[in-house]
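Not measured: the values here are computed from a predicted model.
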Amino acid sequence: LYNETGFEGGIAHRLDVPTSGQLLVAKTPSVLTALREDFTNKTLLKRYRFLTLKEVPWTKHDITFPLAHHKSNRRKMVVQRGKNTPHRGKWFSAHTSFHHLASRGEVHLWEATMRTGVMHQIRLHAAIAGLALLGDRLYGGGGTPAYFPSDFALHHCGIESTRWQIPSVCIPEWWPDWTHSI
């Protein structure tokens, strides 16, 4: 959306490169400002789906550990486990809710919802909960299946808002067939 005076709108949020799914782009500066305010004020509920090979004894769980940048590895984040947890920069509050949706064989489909939005929040909170994302080598999810075109199995399905009508995004065709109907 570029003209002689510059960009009229822009991307309202970002996803990790391997994450598929919804990206919000505003057509005007005023909508972009309003959407960014909604993200900052945590009024938007973001929904993601992910696959894992890990099995846990529960079907719902909330993680509220704050996150910060890893002290020496710029690619990673860490959770605050105590006052002296080594980290770089400030701690960011983060709350992720997990809900088991279905399983087929050893593969499990989960939904993660959050109002906060910290880098690697779902990936790290899922790993801490024992649900490392399929293919997420950085946080213990192992190798990526041959049928997957991205590094790990995380899909941004949609955003719920009281102010905006935002359509959901379907699971990608390369995900296992049984995940499409759930």
Side-chain angles (χ1 to χ4, degrees), residues 13-23 39 42 44-71 73-82 85-160 168-172 174-176 178-182:
H13 71 112
R14 67 178 202 87
L15 301 173
D16 287 339
V17 172
T19 304
S20 60
Q22 189 172 55
L23 188 65
F39 278 104
K42 299 170 180 48
L44 302 173
L45 182 68
K46 295 161 278 202
R47 289 184 314 107
Y48 291 79
R49 292 207 172 165
F50 67 92
L51 297 173
T52 182
L53 297 178
K54 310 295 182 178
E55 196 167 351
V56 292
W58 38 265
T59 59
K60 291 183 180 182
H61 193 59
D62 286 341
I63 301 283
T64 58
F65 288 115
L67 305 177
H69 293 274
H70 190 279
K71 186 174 182 174
N73 185 340
R74 292 194 159 299
R75 296 180 53 225
K76 288 181 90 170
M77 300 292 282
V78 295
V79 296
Q80 185 178 30
R81 294 182 181 265
T85 303
H87 68 287
R88 182 172 39 88
K90 72 176 202 165
W91 290 106
F92 298 96
S93 65
H95 179 190
T96 310
S97 295
F98 295 102
H99 177 74
H100 182 257
L101 298 176
S103 295
R104 295 292 185 279
E106 62 181 17
V107 180
H108 310 281
L109 176 65
W110 286 81
E111 182 170 78
T113 57
M114 63 184 195
R115 291 189 187 278
T116 54
V118 179
M119 185 171 108
H120 297 187
Q121 178 176 331
I122 292 171
R123 295 170 63 191
L124 186 50
H125 275 178
I128 293 301
L131 298 170
L133 276 63
L134 179 64
D136 190 356
R137 288 184 176 96
L138 193 60
Y139 297 111
T144 308
Y147 61 85
F148 243 78
S150 64
D151 292 344
F152 50 81
L154 180 62
H155 179 73
H156 184 218
C157 298
I159 297 176
E160 295 175 19
S168 295
V169 178
C170 297
I171 292 291
W174 64 84
W175 280 46
W178 60 270
T179 65
H180 297 195
S181 60
I182 299 169

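Within the model, atoms NE2 of His125 and NE2 of His61 stand 10.0 Å from one another, a figure rounded to the nearest 0.5 Å. Atom OG1 of Thr179 and atom CZ of Arg49 lie 8.5 Å apart (nearest 0.5 Å). From Glu160, atom CD reaches atom CG of Leu44 across 10.0 Å, with rounding to the nearest 0.5 Å. Note: Thr96 OG1 to Ile122 CD1 = 6.0 Å, rounded to the nearest 0.5 Å. The CG atom of Leu67 sits 12.5 Å away from atom NZ of Lys90, with the distance rounded to the nearest 0.5 Å. Taking CG of Asp62 as the start and CE of Met114 as the end, the distance is 13.5 Å to the nearest 0.5 Å.
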>> The test is side-chain contact (heavy atoms from CB on, under 4.5 Å); show your working for Trp91 and Val78 and say whether it passes.
In response: CA-CA 9 Å; Trp91 290 106; Val78 295; 3.9 Å; yes
> Between Leu51 and Leu109, is a side-chain contact (heavy atoms from CB on, under 4.5 Å) present by the stated rule, with each step listed?
Replying inline: CA-CA 5 Å; Leu51 297 173; Leu109 176 65; 3.8 Å; yes
>> What verdict does the side-chain contact (heavy atoms from CB on, under 4.5 Å) test give for Thr85 and Phe65, after you've listed the backbone C-alpha separation in whole Å, the side-chain angles of each residue and the deciding distance to 0.1 Å?
In response: CA-CA 12 Å; Thr85 303; Phe65 288 115; over 6 Å; no
> Between His156 and Val169, is a side-chain contact (heavy atoms from CB on, under 4.5 Å) present by the stated rule, with each step listed?
Replying inline: CA-CA 7 Å; His156 184 218; Val169 178; over 6 Å; no
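Side-chain atoms of Thr116 come within 3.5 Å of backbone atoms of His95 as a donor-acceptor pair (strictly under, hydrogens ignored). Side-chain atoms of Gln22 come within 3.5 Å of backbone N or O of Ile159 as a donor-acceptor pair. Looking only at distances, a side-chain donor or acceptor of Thr52 sits under 3.5 Å from a matching main-chain atom of Ala132. A donor-acceptor pair under 3.5 Å is absent between the side-chain atoms of Lys71 and the main chain of Arg88, judged by distance alone.
Scanning both residues, Phe39 and Lys46, for their nearest heavy atoms gives CE2-CD, 3.8 Å. Arg75 and His120 make their closest contact through O-CE1, 3.0 Å (heavy atoms, listed as atom of the first residue, atom of the second, distance). Between Met77 and Tyr139, the shortest heavy-atom distance links the atoms N-OH, 2.8 Å. Here the shortest heavy-atom pairing between Arg104 and Trp178 reads CG-CD2, 3.0 Å. Of all heavy-atom pairs between Leu131 and Phe50, the closest is O-CE1, 3.7 Å. Pairing each heavy atom of Val56 with each of Gly130, the nearest pair is CG1-O, 3.9 Å.
Looking at residues two or more places apart in sequence or on another chain, you find no side-chain hydrogen bond (donor to acceptor under 3.5 Å, both in side chains) involving Thr144.
In this structure, a donor-acceptor pair under 3.5 Å is present between the side chains of His155 and Ser20. For His108 and Ser103, the side-chain atoms include at least one donor-acceptor pair closer than 3.5 Å.
Between Phe148 and Trp175, the two ring planes are tilted [angle within 30° to 60°].
Within the structure, salt bridge (charged side-chain N to carboxylate O under 4.0 Å, His left out) contacts touching residues 131-157 (residues at least two apart or in different chains) are Arg123-Asp136.
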